[in-house]
Amino acid sequence: MPELPEVETIVRQLNREIKNKTITDFSCSAPKMAVTHKLADFQRQIKGKKILNVKRRGKIILLELSGGLVLAIHLRLTGQLFVRKSTHPQDPFNRAIFQLGKNLELRFNDLRLFGQMWLYPKTQIENNFDKIQKLGPEPFDKTFILQNFKNILQHNRTKIKALLLDQSKISGLGNIYSDEVLFYAVIHPNTPANKISDEKIRKLYIGIKKILRDAIRAQGTSVDTYRDIRGEKGQYAVKLKIYRRTGKPCFRCGTKIARVKIGGRSAHFCPKCQKRIMNYE
DNA sequence: ACCTATGTTGGATC
DNA sequence: AGATCCAACATAGG
């Protein structure tokens, strides 16, 4: 499910709703999701811990707990975090429940079971957690300047679509927003990253920030299973220009939108506007 | 009914 | 280095 805007939405809402709550109990019906511990150990470690703060790095949610622990959560494709009153009916595909006192629960639901949780001491998260160590720059980090982005593109021959999806190059973009930013910047998804002109790099850089910011404002895109912590849809789906619009008219020129596979993922683009550079497929 | 697709990512293989 | 295929898994849609 979630890319940067969806994860950011969830993180902001969690801070509003469950900061300073204490995890009074934990249960989980999918042991593989809690990757760092056997279930009993995971439960023992997390029980009684207070949620001090919620952060995000890339698409990874980080709950800072008392006792110097951090609970890291990755929702992968279909994970959801819901905050529910205990009286609320059970959610479909619920895999884990963090009890927050008598009346409140943080529920981890996941249809496809790809989601993962890690529980580590804070120092280890910061210094040794490879999932975070490997991440590229945050699009909204002040140090992520145009020149920085330019360097990344100029040192990679890979197709720009694949580069944008590669979390070690730049973090936070997934299949939806990588398509959207390439449409915004009018770049064919198969263009080798190091063949993109300075002008287009600049446009892409601007587009990444603009589109992610707009999507966060709209509380994310619910084109499939994404929901926020109240179970509500994000509102950005109606603003999508290209993603999953195969065969529909391009908003710029009316040409039918095309779809190609790049690295096993679908890339949507306008074959007229986003012309591929000759000599490169 | 069968085939394909799905918001992720990590590993194997060429 | 980089591309491609496959793995985890469950469901929906053509």
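A, B, ... follow the sequence lines: proteins, then strands. Residue 1 opens every chain.
Side-chain N/O atoms of A:H74 include none lying less than 4.0 angstrom from OP1 or OP2 on B:dT8. Close to C:dA8, at under 4.0 Å from its OP1 or OP2, lies no side-chain N or O of A:K32. Between A:T78 and C:dC9 there is no side-chain N or O to OP1 or OP2 distance below 4.0 Å. Note on A:Q167: every side-chain N or O is 4.0 Å or more away from OP1 and OP2 of B:dT8.
Here the nucleotide nearest the side chain of A:N156, chosen from C:dG2, C:dA10, B:dA5, is C:dG2. The side chain of A:N175 lies closest to B:dT8 when the candidates are B:dT6, B:dT8, C:dG2. Checking B:dT6, C:dA10, C:dA3 against every side-chain atom of A:S266, the shortest atom distance belongs to B:dT6. If you check C:dA3, B:dG10, C:dC9 against the side chain of A:K159, the one that comes closest is C:dA3. Among the nucleotides B:dT6, C:dA3, C:dA10, the one closest to the side chain of A:K261 is B:dT6.
One can place CD1 of A:I262 at 12 Å from P of B:dT6, the figure rounded to the nearest angstrom. For A:R259 and B:dA5, the CZ to P distance is 6 Å, given to the nearest whole Å. Separating the CZ atom of A:R76 from the P atom of C:dA8 is a distance of 14 Å, rounded to the nearest angstrom. Summarising the geometry, the separation between CG on A:D166 and P on B:dT8 is reported as 13 Å, rounded to the nearest angstrom. In this structure, A:Y177 places its OH atom 15 Å from C1' of B:dT8, rounding to the nearest Å. In this structure, A:Q133 places its CD atom 17 Å from C1' of B:dG10, rounding to the nearest Å. Between A:M117 atom CE and B:dT8 atom C1' the separation is 17 Å, expressed in whole Å. For the pair A:Q80 CD and C:dT11 P, the computed distance is 13 Å after rounding to whole Å.
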Legend entry - Steps toward side-chain hydrogen bond (donor to acceptor under 3.5 Å, both in side chains) verdict (A:Q99, A:S86): CA-CA 8 Å; A:Q99 196 70 42; A:S86 297; 3.2 Å; yes
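For the pair A:D41 and A:K38, the salt-bridge criterion is not met [side-chain N within less than 4.0 Å of a carboxylate O]. Using a 4.0 Å cut-off between a side-chain N of Lys or Arg and a carboxylate O of Asp or Glu, A:E105 and A:R84 do not qualify as a salt bridge. Look at A:E138 and A:R56 and you find a salt bridge, because one of the NZ, NE, NH1 or NH2 atoms lies within 4.0 Å of a carboxylate O, short of that distance. The existence of a salt bridge linking A:E199 and A:K203 is excluded, since no basic side-chain nitrogen approaches an acidic carboxylate oxygen closer than 4.0 Å.
Pair check for C:dA8 finds B:dT8; Watson-Crick or G-U wobble, both atom distances under 3.5 Å.
Under the 30°/60° scheme for interplanar angles, the aromatic rings of A:H74 and A:W118 are found to stand perpendicular. Note: A:F26 and A:F42 have tilted aromatic rings, judged against thresholds of 30 and 60 degrees for the angle between ring planes.
Comparing A:R157 and A:G264 along DNA chain C, the residue whose closest nucleotide (by nearest heavy atom) sits nearer the 5' end is A:R157. For the pair A:R112 and A:L165, nearest-nucleotide mapping onto DNA chain B gives the more 5' position to A:R112.
No engagement by A:D110 is indicated, since no non-hydrogen atom pair under 4.0 Å with the nucleic acid exists. Looking at heavy-atom distances under 4.0 Å, A:L113 makes contact with sugar-phosphate atoms alone, never a base. Backbone-only contact: A:Y243 has heavy atoms under 4.0 Å from sugar-phosphate atoms and none from a base.
For A:Y243 and A:S266, the side-chain atoms include no donor-acceptor pair closer than 3.5 Å. Side-chain N/O atoms of A:E6 and A:Y236 include no donor and acceptor closer than 3.5 Å.
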Enumerate all atom pairs, one protein N or O and one N or O from nucleotides 12-14 of chain C, separated by less than 3.5 Å.
none

Protein-nucleotides 11-14 of chain B N/O pairs closer than 3.5 Å?
none

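You'll find the ring centres of A:F251 and A:F183 outside the 6.0 Å limit.
Taking atom P in both C:dC5 and B:dT4, one finds a spacing of 13 Å when rounded to whole Å. Nucleotides C:dA8 and B:dA1 have their P atoms positioned 24 Å apart, rounded to a whole Å. To the nearest whole angstrom, the two P atoms, one in B:dA5 and one in C:dT4, are 15 Å apart.
Between A:F114 and C:dA8, a base-stacking contact is recorded: ring centres under 5.5 Å apart, planes less than 30° from parallel.
The structure places OH of A:Y120 at 6.0 Å from CZ of A:F129, a figure rounded to the nearest 0.5 Å.
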